[in-house]
There are 2 protein chains.
Amino acid sequence: MDAPRIESTLVSVDVLTLRFDARARTVLLGVAPRALDPFAGEPALPGVLLGRGERLRDAGIRAVTGKLGVAERAVTATGQLTTFDEPSRDPRGPTLSIALWATVDPALLDDGPTWAPLDGVPHLAFDHDRIVADCRPMLADRLWRDAAFTAGLLGREFTTAQALDVTESLTGDRPYPANLGRTMDRVPGLERTAQHAAALPKGGRPPLVWRWTRDEAAQGSVGR
Amino acid sequence: MDAPRIESTLVSVDVLTLRFDARARTVLLGVAPRALDPFAGEPALPGVLLGRGERLRDAGIRAVTGKLGVAERAVTATGQLTTFDEPSRDPRGPTLSIALWATVDPALLDDGPTWAPLDGVPHLAFDHDRIVADCRPMLADRLWRDAAFTAGLLGREFTTAQALDVTESLTGDRPYPANLGRTMDRVPGLERTAQHAAALPKGGRPPLVWRWTRDEAAQGSVGR
DNA sequence: ACAATAGTGTCTCTTAGACATTATCAG
DNA sequence: CTGATAATGTCTAAGAGACACTATTGT
């Protein structure tokens, strides 16, 4: 390697980990208290330094598994958001932060990490408040337009009611069911089945089931 | 700095530099033959290694001024696209490439660099063919939605005909003038004036002039 | 029957797309 | 006047948004 070393910039990967809590009917963001200084004990996005030759996706999974305690197989999809480059964003020295998103399957979760509702994320270490604020519209924009993201968040099968809940969590307002149904009808690879899920314990008409025809999970393109 | 050095990944910045050629009625991409190995002599996107603590925008300007010979004040706007992380994309070793866009004012250009029409970019060094292919839709998507990008490309004032040319170059098909006019009417900060520009030497009705009310150039947000 | 939840038909308004027509220049 | 270029009125189709109404459950 003939390239400079000392002068090269460090690269970290910070992950906005999303999980849909069907019972609470909201999308949660994974945050973990920092183990080390700086900001020891304060909540932060899970992040790691990118290893030499490491893929962004691999580093992201390393962050999510290591700092959130999520099993690797629970990570259903990942993708890239944007890069933050303020030299002073890390007190240890100039460090690039490449923000990624990841979706996890709630069924495969151990307990332990902290999950905060997307509205109501606590104050975070570093510039992570800004990262969350800047990236939130990008996440909302991905819903129903990025199949890997949507499938990763909602799972292989889901009901119309869950789709409504996720949409409300991400975009901030709840669509009319008929309109969301039309939107979903136009999503490639998503199919409206004739099945109905079980009704809620409180009663009410059982909701319809939607299913991905292709395997939309396990894509999570990073870097294209 | 307590962070690892040898193991840190190198970061380069590669710039898709766009310039509108009003006479040729197309958008051109700046490419420069590489001075050094690898790929010496082959055309490539202008790129530099990111310095420690350097902002992405500054590195991008360094690449454009250094490798394309464009004056710094000719760079009207810059922004971020996406990051490419294949470890083998640079034969010298694993190097991240953060793709940026930059727009330059054609009036402030020296000659020398090579400009290729967006359709008809030659084969480029490294994985730059793929970078161009992947980023082109992102550029088309920015037009009329990112005021800094659009103003950077078209300048402070421009005609409807030029807007049609730029749209055709970026998106691949030419909108109907009436429809593009309605699109532009809805762009915040863009105003339809009553002035007409000079007609072409060949004759024809003189086109209308559009003007940015706010100073939309010189924004070029990178990293937000 | 009633409360709770979900699905659907349909009306309106906005936007996108497509032309045909009209307007203004040089020669 | 003719050829060239540009602007605009308008028709149609598609999509977004908003409700009202119907359907299916548990108690």
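Each chain gets a letter, A, B and so on, in the order the sequences are listed, and its residues count up from 1. These numbers were taken from a predicted model, which means no experiment stands behind them.
- Distances were taken from every side-chain heavy atom of B:Arg192 (C-beta onward) to each of D:dT8, C:dT5, D:dA7; the shortest belongs to D:dT8.
- Contacts of residues 166-184 of chain A with DNA chain D (heavy atom under 4.0 Å): A:Tyr176, A:Ala178, A:Asn179, A:Arg182.
- Applying the side-chain hydrogen bond (donor to acceptor under 3.5 Å, both in side chains) rule to A:Thr17 yields no partners; only residues at least two apart in sequence or on another chain are considered.
- By the side-chain hydrogen bond (donor to acceptor under 3.5 Å, both in side chains) test, A:Gln162 pairs with no residue at all, sequence neighbours left out.
- Between D:dA7, D:dG15, C:dG7, one nucleotide has an atom nearer to the side chain of B:Thr160 than all others, and that is D:dA7.
- The closest side-chain heavy-atom distance from B:Leu164 to B:Tyr176 is not below 4.5 Å.
- Under the rule for a side-chain contact (heavy atoms from CB on, under 4.5 Å), the partners of A:Ala197 that lie at least two apart in sequence or sit in another chain are A:Thr159, A:Pro207, A:Val209.
- By the side-chain contact (heavy atoms from CB on, under 4.5 Å) test, B:Glu191 is found to be paired with B:Thr193, B:Arg211, B:Thr213, residues two or more places apart in sequence or in another chain being considered.
- The separation between B:Arg205 atom CZ and C:dT22 atom P is 13 Å, rounded to whole Å.
- Across D:dG15, C:dT8, C:dA23, the shortest atom-to-atom separation from the side chain of A:Leu208 is found for C:dT8.
- At whole-Å resolution of the value, CH2 in B:Trp144 and P in C:dT15 are 18 Å apart.
- In terms of position along DNA chain C, the nucleotide closest to A:Leu164 lies nearer the 5' end than the nucleotide closest to the other residue of the pair A:Leu164 and B:Lys202.
- Here A:Arg73 pairs with nothing under the side-chain hydrogen bond (donor to acceptor under 3.5 Å, both in side chains) rule; sequence neighbours left out.
- For the pair B:Asp185 CG and C:dT14 C1', the interatomic distance rounds to 15 Å; values are reported in whole Å.
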